[in-house]
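So you know, we letter chains A, B, ... as the sequences are listed, proteins then strands, and number each from 1.
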There are 2 protein chains.
Amino acid sequence: MGISFDLNNFIYDFSCNCKKVQKKSFSKGQTVTTYIKNRNQLCILLNGHVDLVRYDSNGNRTIVEHFSKNDFFGEVFYKVTVNNELIVEAKSACTVLFYIYDELKEQCDTDCKFHNTLSERLPELMLDKITELNTRIELLTQRNTRDKILMYFSLISTRKQKKSFELPLSLTDLADYLNVNRSAMMRELKLLKEEGLVDKIGNRITLLYK
Amino acid sequence: MGISFDLNNFIYDFSCNCKKVQKKSFSKGQTVTTYIKNRNQLCILLNGHVDLVRYDSNGNRTIVEHFSKNDFFGEVFYKVTVNNELIVEAKSACTVLFYIYDELKEQCDTDCKFHNTLSERLPELMLDKITELNTRIELLTQRNTRDKILMYFSLISTRKQKKSFELPLSLTDLADYLNVNRSAMMRELKLLKEEGLVDKIGNRITLLYK
DNA sequence: TTTTTTCTGTTGCAAAACTAACTTATTATG
DNA sequence: CATAATAAGTTAGTTTTGCAACAGAAAAAA
């Protein structure tokens with residue numbers, strides 16, 4: 001999920017002299033950042049996993065996006081409003097680069113290869129982000145819990161090129177990601193197993209159809 | 001909804017000599033385009049209204065996005081799959097520019113101001129698109145029909161800077177846009193009226209709270 | 001203008017989803 | 001290792017949503 005862009009070539013010679021970036025590490029459970037209006041932060045996840053989550057006034061949690069290595073996130077992608085408190089939480093130990101978008105998008109005058117490559121590639125990275133978000137919307141506009149589960153599995157399966165795969169999220173998190181009630185999702189999963197459409201052993205899903 | 005970018009300055013002196021663009025007009029109800037893999041079309045709506053819609057195998061219709069003047073759409077923003085037939089339908093008479101993204105993003109060698117301005121501004125246009133899509137996701141991740149309705153009204157109200165506004169969609173279309181059953185939505189609207197939270201006279205909504 | 005079509009508003013009933021609670025696994029942590 | 005915390009799995013009861021059908025209003029077409 002999120003933008004995927006192979007930064008590996010740059011990570012190892014990462015040496016942004018320009019002071020326009022902050023690099024921080026977090027341990028599991030820590031808050032990486034909270035989205036703030038008008039700051040326009042853009043963050044790059046160098047390793048680990050983080051979730052962008054929203055809690056509503058009833059305490060319901062929504063996992064808006066789930067980010068892995070080399071994904072991009074930050075308030076630059078959001079219209080931040082009062083009704084809309086967005087928090088990025090570390091799901092595992094992780095390291096994150098923090099830029100301010102207006103500084104990042106300019107070419108860096110201090111000959112910083114990482115930064116300059118990034119700003120050049122920004123348009124294609126954003127286009128990738130758009131397609132990811134449209135896929136997310138397609139997932140959320142599935143009509144019922146079953147269709148959401150099946151589409152989610154199908155997406156992972158296609159990405160991995162395999163009919164069998166490990167879930168990258170816990171089932172509790174998956175429910176919050178699909179925006180459905182956890183027990184309703186469990187019930188539907190059980191039915192899918194009983195009907196022989198899906199096999200599930202622990203965290204491993206196998207699609208049995210087609 | 002969609003990207004908003006003031007093209008007015010360019011529309012009137014629109015004279016793309018570069019043959020990289022097609023301009024077509026449609027009447028209400030016509031199909032503007034169907035998303036096709038690997039073509040990477042990018043379209044600009046010059047006037048009128050169009051909907052990006054998806055029909056599932058049960059005949060359910062989802063309005064994925066609703067576009068107005070100067071909005072952008074096209075398959076360049078999508079991972080087009082077999083499960084995912086996307087159609088753009090004209091909701092009113094409209095005129096559309098059709099580009100192929102790879103041609104558009106290059107500067108135009110034939111001194112075409114419109115085209116060149118567009119390709120320069122592409123990054124900011126895409127960033128706008130991302131924030132629009134994230135707002136769409138926030139709407140779709142509301143927990144129930146009531147919350148979707150209220151958030152939708154709140155978005156329109158904020159955009160118009162008024163507590164009272166005309167709905168830009170029919171109620172039938174609004175249900176397909178919010179991804180809820182029409183009669184369930186009507187029931188909820190009725191309750192909102194009875195509870196004095198919202199007033200509704202024909203197509204005009206007035207928010208009575210706060 | 002008349003006719004046809006689409007949209008709005010409403011309802012009873014059925015199906016799906018949510019809530020809350022609890023037990024059993026599994027995974028962290030002292 | 002023992003204990004605590006979190007996650008998985010399940011269920012009964014309740015609420016919400018969807019379905020289907022219909023009548024009246026409004027809009028479009030003839």
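Every side-chain hydrogen bond (donor to acceptor under 3.5 Å, both in side chains) that Asp56(A) has, sequence neighbours left out, goes to Asn60(A). Applying the side-chain hydrogen bond (donor to acceptor under 3.5 Å, both in side chains) rule to Lys91(A) yields the partners Asp173(A); only residues at least two apart in sequence or on another chain are considered.
In this structure, the CD1 atom of Ile205(B) is 11 Å from the P atom of dT8(C), given to the nearest Å. Regarding Asp147(B), its CG atom lies at a distance of 15 Å from the C1' atom of dA17(C), rounded to whole Å. Put simply, CG on Leu178(A) is 12 Å from P on dA17(C), counting in whole angstrom units. If you measure from atom CZ of Arg143(B) to atom P of dT19(C), you get 8 Å, rounded to the nearest angstrom. Distance, Asp173(B) CG to dC7(C) C1': 10 Å, rounded to whole Å. Distance, Tyr177(B) OH to dC7(C) P: 19 Å, rounded to whole Å. Whole-Å rounding puts the Asn181(B) CG to dA14(C) C1' distance at 13 Å. Atoms CG (Asn144(A)) and C1' (dA16(C)) sit 8 Å apart, rounded to a whole Å.
Nucleotides of DNA chain D that come within less than 4.0 Å of any heavy atom of chain B span, from the 5' end to the 3' end, dT17(D) to dA28(D).
Judged by distance alone, the side chain of Thr141(A) and the main-chain N or O of Ile137(A) form a donor-acceptor pair under 3.5 Å. A donor-acceptor pair under 3.5 Å is absent between the side-chain atoms of Ser154(A) and the main chain of Leu150(A), judged by distance alone. Using modelled atom types, no side-chain atom of Asp176(A) and backbone atom of Ile63(A) make a donor-acceptor pair closer than 3.5 Å. With hydrogens and angles disregarded, no donor-acceptor distance shorter than 3.5 Å links the side chain of Thr131(A) to the backbone of Phe77(B).
A side chain to side chain donor-acceptor pair (under 3.5 Å) with Thr33(B) holds for exactly one of Glu75(B), Lys24(B), Gln41(B); it is Gln41(B).
Nearest heavy-atom pair across Thr145(A) and Ala184(A) is CG2-O, 4.3 Å.
Within the 4.0 Å cut-off from OP1 or OP2 of dG9(C), at least one side-chain nitrogen or oxygen of Lys200(B) is found.
Atom CD of Gln30(A) has more than 12 heavy atoms from other residues, nucleotides or ligands within 6.0 Å. Around the NZ atom of Lys163(A), the shell of radius 6.0 Å holds more than 12 heavy atoms that belong to other residues, nucleotides or ligands.
Across the interface with DNA chain C, nearest-nucleotide mapping of Asn179(A) and Ser170(B) shows Ser170(B) to be the residue nearer the 5′ end.
Note that CZ of Phe165(A) and CG of Asn203(A) are 10.5 Å apart. Values are rounded to the nearest 0.5 Å. Rounding to the nearest 0.5 angstrom, the gap separating the CD atom in Glu103(A) from the CG atom in Asn40(A) is 11.0 Å.
Ring pair Phe67(B)/Phe73(B) is parallel by interplanar angle, where below 30° counts as parallel and above 60° as perpendicular.
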Under-3.5 Å N/O pairs linking protein and nucleotides 26-30 of chain C:
none

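An end-to-end axis angle of 60° holds for the helix from dT1(C)-dA30(D) to dG30(C)-dC1(D), taken from five base pairs per end and rounded to 10°.
DNA chain C lies under 4.0 Å from at least one heavy atom of each of the following residues of residues 183-194 of chain B: Ser183(B), Met186(B), Arg187(B), Lys190(B).
Ionic pairing of Glu132(B) and Lys79(A) is present here: one or more N-O contacts between side-chain nitrogen and carboxylate oxygen are shorter than 4.0 angstrom.
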